[in-house]
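Structure first, commentary second.
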Amino acid sequence: MGKVKDHLKKYIGYYFLVMASWLIYEGEGWGWFLVLVTFLKAPPFDWIGRLESWGGELSYRWGMKLRRWKEQQVKPIRILVTVICIIIIILIFWFTPECELC
């Protein structure tokens with residue numbers, strides 16, 4: 001039973017695509033919605049997870065570059081960069097819309 005469960009965890013997206021193609025063939029309009037959701041969240045596609053990973057790696061690299069640059073500067077510039085970063089973080093939280101479901 002473990003092999004079947006592991007197989008479905010890895011490849012469930014293909015089964016959803018088969019179901020969606022059957023629905024599209026039968027003329028059901030929401031088959032296209034199933035295709036979109038499958039590509040966005042179902043393994044092995046999981047575009048949302050890939051974008052989150054890419055964004056995390058990108059922000060880490062940029063953060064490390066900024067940190068190395070900041071460490072090479074004189075103290076007033078380091079303080080100014082820190083203050084600007086804090087202001088940007090506050091603005092991000094300020095202008096982020098509130099969750100309607102929370």
Side-chain angles (χ1 to χ4, degrees):
M1 186 65 179
K3 290 182 181 180
V4 172
K5 191 175 181 180
D6 291 338
H7 173 78
L8 285 177
K9 281 184 179 180
K10 285 184 180 180
Y11 301 109
I12 192 84
Y14 291 116
Y15 296 106
F16 283 141
L17 285 180
V18 168
M19 286 189 312
S21 63
W22 179 257
L23 288 172
I24 292 169
Y25 175 75
E26 290 293 320
E28 295 291 330
W30 60 276
W32 292 106
F33 177 72
L34 185 60
V35 169
L36 176 67
V37 171
T38 300
F39 280 126
L40 289 178
K41 283 303 288 179
F45 308 110
D46 193 21
W47 290 348
I48 291 176
R50 290 181 187 182
L51 282 175
E52 287 175 349
S53 299
W54 175 77
E57 292 172 12
L58 185 66
S59 65
Y60 179 76
R61 276 189 270 136
W62 284 1
M64 288 296 108
K65 283 183 182 181
L66 178 65
R67 182 177 179 186
R68 281 193 300 270
W69 177 82
K70 190 176 95 169
E71 288 173 351
Q72 296 172 353
Q73 305 304 314
V74 294
K75 191 166 184 160
I77 298 295
R78 288 190 302 214
I79 293 172
L80 181 66
V81 169
T82 304
V83 168
I84 290 173
C85 288
I86 291 171
I87 290 172
I88 289 173
I89 289 171
I90 290 171
L91 289 174
I92 287 172
F93 281 115
W94 189 339
F95 289 114
T96 303
E98 293 183 19
C99 177
E100 296 292 330
L101 301 175
C102 299

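For reference, positions follow the sequence shown, starting with 1. Treat the numbers as computed from the prediction; the structure is a model and nothing was measured.
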Does [X] reach the side chain of [Y], with side-chain heavy atoms less than 4.5 Å apart?
X: K10; Y: D6; value: no
X: V37; Y: F16; value: no
X: T82; Y: K70; value: yes

Notebook entry, point to check: So which residues get pulled into V35's cluster when ILVMFWY side chains under 4.5 Å apart are joined, directly or through others?
Noted result: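 V35 clusters with Y11, Y14, L17, I24, W32, L36, F39, L40, F45, W47, I48.
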Next item on the list: Share the residues that join W69 in a hydrophobic cluster, the rule being Ile, Leu, Val, Met, Phe, Trp or Tyr side chains under 4.5 Å apart at the heavy-atom level.
Entry: L66, V74, I77, V81
Can you name the closest pair of heavy atoms from [X] and [Y] and give their distance?
X: A20; Y: G31; result: CB-O, 3.6 Å
X: G13; Y: T38; result: O-CG2, 3.4 Å
X: E71; Y: R78; result: O-NH1, 4.0 Å

Give a yes or no on whether [X] and [Y] share a hydrophobic cluster (residues Ile, Leu, Val, Met, Phe, Trp, Tyr; joining criterion: side-chain heavy atoms under 4.5 Å apart).
X: W62; Y: I89; answer: no
X: I86; Y: W94; answer: no
X: F95; Y: I90; answer: no
X: F93; Y: V83; answer: no

Note to self: If I take atom CG from residue D46 and atom CG from residue L51, how far apart are they, to the nearest 0.5 angstrom?
What the structure shows: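 It is 9.5 Å, given to the nearest 0.5 Å.
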Check: About how many Å separate CD1 of I92 and CD1 of I87, when rounded to the nearest 0.5 Å?
Finding: 12.5 Å
Notebook entry, point to check: Can you name the residues that form a side-chain hydrogen bond (donor to acceptor under 3.5 Å, both in side chains) with K41, not counting sequence neighbours?
Noted result: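 Partners of K41 by the side-chain hydrogen bond (donor to acceptor under 3.5 Å, both in side chains) criterion come out as none, since no residue qualifies.
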